[in-house]
Amino acid sequence: MLKPLGDRVIIEVAKEEEKTVSGIVLPGSAQEKPQTGSIIAVGEGRILENGTKAELAVKVGDTVLFEKYAGTEVKHDGKDFLVVNERDIIAIVE
């Protein structure tokens, strides 16, 4: 599995609905990029100027909302993931 470094996290992006409310099927190019997903791995944290490590506010299993164009998309074992910095995570969805 992938292990992120520093204050990065790996998110399995949620799949968005492929149909509109009226039942029209949308092609992949017309769909909006999803902004929610589940965290599957977290880094060890960010090193502060005084040398201490700042723990991340999120943990594995959290469902999060992240910025629209954040991160780097990667493919691993046939699945699509997003690697983002913790600062690109907007909220934890409860």
Visitor: Count I, L, V, M, F, W, Y as connected when their side-chain heavy atoms are under 4.5 Å apart, and connections chain through other members. Are I90 and I92 then in the same cluster?
Guide: no
Visitor: Within a 6.0 Å radius of atom NZ on K79, are there more than 12 heavy atoms belonging to other residues, nucleotides or ligands?
Guide: no
Visitor: Should L65 and L56 be counted in the same cluster of Ile, Leu, Val, Met, Phe, Trp and Tyr side chains packed under 4.5 Å apart?
Guide: no
Visitor: Considering non-hydrogen atoms only, spot the tightest contact between L2 and A41 and give its length.
Guide: O-CB, 3.9 Å
Visitor: Measure the shortest side-chain to side-chain distance between V9 and V64 over non-hydrogen atoms and say whether it is less than 4.5 angstrom.
Guide: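 Not touching, per the 4.5 Å side-chain cut-off.
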Visitor: Could you tell me which residues satisfy salt bridge (Lys or Arg N to Asp or Glu O under 4.0 Å) with K75, sequence neighbours excluded, listed by chain and number?
Guide: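 Applying salt bridge (Lys or Arg N to Asp or Glu O under 4.0 Å) to K75 gives D80.
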Visitor: Sort out for me which residue in V84, V42, I47, N85 forms a side-chain contact (heavy atoms from CB on, under 4.5 Å) with D7.
Guide: N85
Visitor: Could you work out, with side chain to side chain contact (heavy atoms under 4.5 Å, CB included) as the rule, every residue matching D77, not counting sequence neighbours?
Guide: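 D77 satisfies side chain to side chain contact (heavy atoms under 4.5 Å, CB included) with no residue once adjacent residues are dropped.
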Visitor: Restricting to side chain to side chain donor-acceptor pair (under 3.5 Å), what partner residues turn up for T72, sequence neighbours left out?
Guide: none
Visitor: Output every pair passing side chain to side chain donor-acceptor pair (under 3.5 Å) with a member in residues 54-63, not counting sequence neighbours, ordered by first then second residue.
Guide: K59-D62
Visitor: Could you list the residues that satisfy side chain to side chain contact (heavy atoms under 4.5 Å, CB included) with V83, not counting sequence neighbours?
Guide: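 Once residues adjacent in sequence are excluded, the partners of V83 under the side chain to side chain contact (heavy atoms under 4.5 Å, CB included) criterion are R8, I10, V74.
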Visitor: Quick one: which residue pairs count as a side chain to side chain donor-acceptor pair (under 3.5 Å) with a foot in residues 37-47, not counting sequence neighbours?
Guide: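 Listed by first then second residue: E44-K53.
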Visitor: May I ask you to decide if I40's main-chain N or O and E12's side chain share a donor-acceptor pair within less than 3.5 Å?
Guide: no
